[in-house]
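For this chain, numbers begin at 1 and follow the sequence in order.
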Amino acid sequence: MMSLLLKGLLGSGRLALETLAAAESTAVESAPVSKGRYDATVNALNRLPRPALALGVLGILGWAPLDPEGFAQAMQAYALVPEWLAGTWFGVVAFYFTSRHFERRLELKSRGDAPPPPPAP
């Protein structure tokens with residue numbers, strides 16, 4: 001289908017053949033790779049933390065007005081967590097989301113779908 005469209009637009013000359021070859025090689029490179037059940041499971045598990053954290057924050061915001069005493073007790077318990085341990089937790093979460101963000105940007109950039117850079121001030 002793509003070859004017929006390109007031949008109709010560009011004619012049957014050398015430029016059309018080169019364009020057709022480039023389009024076909026790009027289609028082969030960007031074709032989805034069939035992955036196994038294990039890869040699909042790991043990808044599904046990798047997609048869980050972000051929605052879980054977002055829903056957890058919304059749950060906390062809903063919990064505070066519904067059960068203020070229980071919420072206060074839970075926050076007092078969190079206040080007892082050593083600072084080094086809380087810093088470690090935050091570091092792991094920040095590293096996870098930052099690496100996922102950059103991995104996604106690199107993937108989009110390699111496909112040519114990267115969003116344009118923000119305008120300079």
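We find the CZ-OG1 distance between R37 and T41 to be 8.0 Å, quoted to the nearest 0.5 Å. L48 CG to L53 CG: the interatomic distance, rounded to the nearest 0.5 Å, is 10.5 Å. Here the OG1-CD distance, from T88 to E83, works out to 10.5 Å after rounding to the nearest 0.5 Å.
Of all heavy-atom pairs spanning A94 and T98, the tightest one is O-OG1, 2.7 Å. Across all non-hydrogen atoms, the minimal contact from Y96 to N46 is OH-O, 2.6 Å. What you find for P49 and L45 is that their closest heavy atoms are CD-O, 3.3 Å.
Within the structure, ring pair (Phe, Tyr, Trp, His ring centres under 6.0 Å) pairs that include any residue of residues 53-73 comprise W63-F71 (at least two apart or interchain).
In the hydrophobic clustering of ILVMFWY residues, with side-chain heavy atoms under 4.5 Å counting as a link, V81 and W84 come out together. Taken together through direct or relayed side-chain contacts under 4.5 Å among Ile, Leu, Val, Met, Phe, Trp and Tyr, F90 and L85 form parts of separate hydrophobic clusters.
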Please lay out, stage by stage, how L80 and Q76 fare under the test side chain to side chain contact (heavy atoms under 4.5 Å, CB included). CA-CA 7 Å; L80 298 176; Q76 287 173 352; over 6 Å; no
